[in-house]
Amino acid sequence: MIDSFYLAWRYIVFNRVKTITLVLCISLISFLPFSLKILLKESEHQLMSRAITTPLLVGAKGNSLDLVMNSLYFSKEKPDFISMKAVEKVMDSYLALPIPLYTRFHARKYPIVGTTLDYFEFRQHNIADGRSFAMLGEAVIGVDVATQLNLKVGDSLLSSPENLFDLAGVYPLKMTVTGVLKKTNSVDDKAVFVDLKTTWVIQGLGHGHQDVKTIQDSSDVLSQSDKLVTTSTKIKQYTEINLDNLDSFHFHGDPSIYPLTAIIAIPQDDKSATILRGRYLSEQKNKQIVRPKRVIEDLLGNIFQIKEFIDAVVFIVAIAMVLAIFLVFSLSFRLRQKEINTILHLGCSRGTVVQLIAAEILIIAIFSGLLCFSSLLVLQNFQGEIVHKLFIS
Amino acid sequence: MYGIDGFHLSIPQLKFEDAEKVAIIGPSGSGKTTLLKLISGIIQPQYGSISIEDTVISQLSDAERRDYRISNIGFIFQDFELLDYLNVQDNILHPFRITKALKIDVQTKARVEALSQEMGIANKLNRLVNHLSQGEKQRAAICRAMITTPKLILADEATGNLDPRNKTKILDALFRSTDKNNATLIAVTHDHELLDRFDRIIDFKQFCEGEGI
């Protein structure tokens, strides 16, 4: 038996290109259905686990999937904005606790989530290091953000401008990291959390600048009345919020129309949830209330339909591949007929010839299995990120 | 007697002596190779029997014939029939790796060394056979045939693919090796210039015409 494996091994090593091609083909065709299964299971887990724990979402009327994906997974597709009035409306109903979300901006590639401290309580997140945000310009970061950007409590993080060429648009705000979340194994590990008002500062709805009363150069003051002072652009605008300039930060306009992307509504009970949903269905023309679980179930239904189709395709390809491999082996043995005859003439039994061939097939199968298994292990290690990239972001 | 698909070989009686060197000549298709296959037990006669010393080959079972062949008969082919994916040493040891009847031990390895030394390919043992000359390949094939120290060597046009200079050299090596083991050599050949070196010549043309031997 050992001799059979030795001879088979020598043959395989000698024909290494053919062997590697065969091993790759077999591994790939075995890897495909398993990898698909792993990814779909992980996507189902990731999508459902967060959707189940989020009872209701209020957002602008439109694509409910975009609303859910953006609010739960901070995906790049942004739903239309709603205003702070919507938060007040939920609050005034006494049917649910509203947690506002504003996910328009990014810091480096990580989403900035403007929210309230209720969000951490709702998601049962704990701070691993530092404390929650307490004032404008402070940020709590997910553990992956801290690791990837090498940030710790006390460090600063700049928000990314939305458009490099928009000179009058959003300016970067230097935020101070006050806390790092414990690992949550969710997208929150890859997010930067700030107070809702901080996101409005990033947007330019609120700002801080040099006190106009202390301007030395009178030419900087263009006009002045009891209520309004108009200054030139030379006046210093703050791009960082700290204790020294915190008081100078202020907001313009009506705060009730400030934008949000969504509201997580946590109803008192099932009855409250039903009543709230009923109100939105009957009263709100430009807003919608959705149950994330239902939306994700619909999405998964579609994904699994696609999976069934892919399974069928993989099955057909697998049959074709098996036939091709059978053809390769049978042609190979036909080419080796002279060699087999020689072995038989020397005194080898047909059983031993079969054993030699079986050893070759077994070695190729073992290598293919190992390659497939190790690829699946690698996939399992990165399944979270792959699923996030494929199905979520 | 043996016959298949219109081919018919009938040999009333044929006897080879110990350590005899016999050349078999004759036109293509006259049954020279068939005779070697019958002697080695690869094919069975339909009538009559074949014996080597006290063993009646034609009465052995398939497995017994294979074991007998691999242990007692050395085969040398015209196209060498070496395996290109094995190096020279593995080719020589090949008979040991394809049967349970033989085991590789220290003596076997020493014999590989000695045989390769004798054939002048000791420095090529680790080379793949593709890297050998035609003459070296046939020497390796002779080593493979001799490794089991057989009492009978069957050579099927062993010098057919070699140039005249190599033919003489290979035949010298083959004769030297068979002499050393006191083995019987039955060689099918078309090289009439080498015939005078054999003890006996059997012409299958004459045999086919029914004159007998």
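As the structure is a computational prediction, the values presented were derived from the model and not from experiment. Within every chain, numbering begins at 1; the chains are lettered A, B, ... in the order of the sequence lines, protein sequences first and strands thereafter.
- Other residues, nucleotides and ligands contribute at most 12 non-hydrogen atoms within 6.0 Å of the CZ atom of A:F34.
- The environment of CZ in A:F382 is sparse: at most 12 heavy-atom neighbours from other residues, nucleotides or ligands sit within 6.0 Å.
- Although no hydrogens or angles enter the test, the distance criterion places a donor-acceptor pair under 3.5 Å between the side chain of B:R69 and the main chain of A:L344.
- When each of B:D84, B:L82, B:D67, B:L86 is scored by its heavy-atom pairs under 4.5 Å with chain A, the top score falls to B:D84.
- Remark: A:R336 CZ to B:L83 CG distance equals 8.5 Å, nearest 0.5 Å.
- To the nearest 0.5 Å, atom CZ of residue B:F77 and atom OG1 of residue A:T342 are 5.5 Å apart.
- With a threshold of 4.5 angstrom between heavy atoms, B:Y68 does not approach chain A through any atom at all.
- The CD1 atom of B:I42 lies 4.0 Å from the NE2 atom of A:H345; values are rounded to the nearest 0.5 Å.
- Note on ring orientation: taking the six-membered ring where Trp is involved, the planes of A:F14 and B:Y85 are tilted (angle from 30° to 60°).
- With a threshold of 4.5 angstrom between heavy atoms, A:S349 approaches chain B through its backbone and through its side chain.
- In this structure, no portion of B:N72 lies under 4.5 Å from any heavy atom of chain A.
- Chain B forms more heavy-atom pairs under 4.5 Å with one residue of A:L7, A:I12, A:V13 than with any other, namely A:L7.
- More than 12 heavy atoms of other shown residues, nucleotides or ligands fall within 6.0 angstrom of atom CD in A:Q337.
- A distance of 7.0 Å separates CG in A:D3 from NZ in B:K103, rounded to the nearest 0.5 Å.
- Atom CZ in A:R350 sits 9.0 Å away from atom CZ in B:R66 (nearest 0.5 Å).
- Neither the backbone nor the side chain of B:I73 comes within contact range of chain A; no heavy atoms are under 4.5 Å apart.
- No part of B:N87 comes within reach of chain A, as not one of its non-hydrogen atoms sits under 4.5 angstrom from that chain.
- Minimum interatomic distance between B:I98 and A:I343 (heavy atoms only, all atoms of both residues): CD1-CG2, 3.6 Å.
- Taking CZ of B:R144 as the start and CG of A:L346 as the end, the distance is 5.0 Å to the nearest 0.5 Å.
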